[in-house]
Protein chains: 2
Amino acid sequence: MTNERIEEYLETILYLTNKNKGPAKTNQIAEELKLSPPSVTEMIRKLFGSGYIKYTPYHGVTLTPKGCTEAMRIKRRHQLLETFLVDVLDLDPKFAHAEACEMEHSISETTLEKMCAYMGHPEICPDGNPIGHGECCPTEALNASYRDYIPLSELKEGEQGTIKIISLTREIKDRLSSIGLIPDQEIQVKRKLGQGTLSITAMGTEVAVGKNIASKIMVQSHGA
Amino acid sequence: MTNERIEEYLETILYLTNKNKGPAKTNQIAEELKLSPPSVTEMIRKLFGSGYIKYTPYHGVTLTPKGCTEAMRIKRRHQLLETFLVDVLDLDPKFAHAEACEMEHSISETTLEKMCAYMGHPEICPDGNPIGHGECCPTEALNASYRDYIPLSELKEGEQGTIKIISLTREIKDRLSSIGLIPDQEIQVKRKLGQGTLSITAMGTEVAVGKNIASKIMVQSHGA
DNA sequence: CTATATAATTAGGAAAGCCTAAACATGTCG
DNA sequence: CGACATGTTTAGGCTTTCCTAATTATATAG
C-alpha cells in the first residue's frame, strides 16, 4: 500500500503531466508541493525504484501504468470526498477541496464506497469534472469533458441547458422536485437576479431558484 | 497545533488514566500503541516538555489541564466521527471505530461541526457512551453514565425503556416515526424474534422493529 | 560555437519517530 | 535485609523526508 507522501507526489505528477501534456518537471513538482527541488529529486528516485514513474534525469517524469492507476485511484477518492463534503455536508467548495486533500489519504475504501452509495453514485464533482473510476492514464476524451457540466448558477441569461442531477443527495433531490425540477429536464434561464439566484422556465412554467441550490444543480449548457 | 502522533499519545493516556484511575505506565502506553517502551519514554519527555503531561520517571504519566483539554477534544472528534460513520454511512460499528481512529487526525473542526449539525447534534455514541464537549478531565459522573443508553435490540423480553433518538439522522428519524416511534416515548418489549428483531408496544400499540433499526435506537432501560 | 542563465542533481546534514540491547530502578518474597 | 523479577530508561542506530549550499547539465542568445 502506498503511503501518504507517495500518494501526494503521484497525484501531483498526474495533475502536471495532464496540464503539460508532457513530462512533469522537478521544479514544477517542487513548487506544487512547496518543497525544495532536491527533495523532489530524491523522491523521484524512490518512485522510479518502485516502478511508479518513468524518469530521465534532467528531463522530467511521467507515470507508468502502475503509477497512473494508483494516481487515478487517489484522484477518485479526492473527488468523491469533495463531492460528499459539498453536497452532503454543505461545505464551501474551496474549503472542501483543501479538506479532501487532507482526508483522501486516511479514509478507507469501504467508507468511501459507503459515501458514494449514500450520494447515489455521483458521476461529476462539484467543480464540474467527471469523477474517475480508477481507469489508467486519462484519455483525451476524459479531459475534453472537463467543464462539460457547470452549475446552474453559472448559466447566462437566455441560455438553455439540460439538468444533470447526478451528484446530489436525496435531500437536495427532494428539494429540487418540490420546486418542479427533475433530471434531464430542459430549462432556459429567464433572468438572473444576482448572487446566483435566478428565474428559469422548466416545462413551460417559470420557477425561481435560490442561490444555494442553483450552485448545486449541474447542467449541460446548450448555449443561448 | 498538535500533530498526529502527539494526538495519538494523548488519547491513549486519557484512556489509560481513566481506566487505571491513576497514572498511565510506560509499558501500558507502549502496548496500547504497539510501540517499544523506549519509544514511549522518548515521546513522554517531549509531551512533558510541551506541558501536556505530568511525569515522574519510573512512576507514570497523568494529563495536565492543557493535555486533558487536548485529549478530550480528540476524543470528541473520534466519537462524532464514529457516530457519523455508523448512523449516517451505516458502517459496521467495529470498523467505524478503527476508521474513526484514522480520520480523527485529519478532519477539520469545520467539517466536524457540519457532520455534527447534519446528525442533529447527537449526544451519545453508537457504543452508548456520551459524547464529550471538550471539558477538562472527565469526572466520575461522566464515567458513571457509561452505558446508560443501550441499543433497543439489546433490551430483554418484557423489559421497559424510554427511547432516546439523540444520535440519529433525519433519514432514520423518518423511518422511525413512520413506524410510530418518537423520542422520549415509553416502550416495552413484547417478544424477541431473534437477531435483534423484536416486537414492542409503544403508546399501547404493538410495533415490529427490524434488526438494523433496532440496533440504532438508543434507549434508557427501566428494567422489567 | 561559446557564454550564460536556468534547471537539476550531488553532498552533507537535521528532525521526528521508531528500534534493539544493555543498564538501571523498584517492589516483593524469602 | 538482600536478591531477583519486572518495569523503565540510557545508548546508539536506522529510516524517512525534508533542508541549504555547491556543483553539474542543458538550452539559448549572441
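Labels below follow one simple rule: chain letters A, B, ... track the order of the sequence lines, proteins then strands, and each chain is numbered from 1.
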Next on the checklist: Under a 3.5 Å cutoff, is there a donor and acceptor pairing between the side chains of Thr111(A) and Glu99(B)?
Outcome noted: yes

Checklist entry - How about Thr62(A) and Thr17(A): does a side-chain donor come under 3.5 Å of a side-chain acceptor? => result no

Next on the checklist: Under 4.0 Å between a side-chain nitrogen and a carboxylate oxygen: does that hold for Arg73(A) and Glu109(A)?
Outcome noted: yes

Next on the checklist: Checking Glu7(A) against Glu11(A) for the side chain to side chain contact (heavy atoms under 4.5 Å, CB included) test, could you report, in this order, the C-alpha distance in whole Å, the side-chain angles of both residues, the deciding distance, and whether it holds?
Outcome noted: CA-CA 6 Å; Glu7(A) 289 182 357; Glu11(A) 211 178 353; 5.7 Å; no

Length of the [atom1]-[atom2] vector between [X] and [N], whole Å:
X	N	atom1	atom2	result
Glu7(A)	dT17(D)	CD	P	12 Å
His105(A)	dT17(D)	NE2	P	13 Å
Leu47(A)	dT17(D)	CG	P	10 Å
Asn20(B)	dG7(D)	CG	P	13 Å
Ile6(B)	dA16(C)	CD1	C1'	10 Å
Ile29(B)	dT8(D)	CD1	P	9 Å
Glu8(A)	dT16(D)	CD	P	18 Å
Glu31(B)	dT6(D)	CD	P	15 Å

Checklist entry - Does a side-chain N or O from Lys46(B) land closer than 4.0 Å to OP1 or OP2 of dA15(C), or not? => result no

Item to check | Phosphate contact (dC19(D) OP1 or OP2) by Ser39(A) side-chain N/O below 4.0 Å | outcome: yes

Checklist entry - Which atoms form the tightest heavy-atom contact between Arg77(B) and Ile107(B), and what is the distance? => result NH1-O, 2.9 Å

Checklist outcome for this item: In terms of heavy-atom contacts, Ala96(B) and Leu85(B) come closest through O-CD1, 3.7 Å

Checklist entry - In the 5'-to-3' direction, what one-character label does each nucleotide of nucleotides 4-14 of chain C receive under the scheme B = base within less than 4.0 Å of a protein heavy atom, S = sugar-phosphate only, - = no such atom? => result ---SSBB----

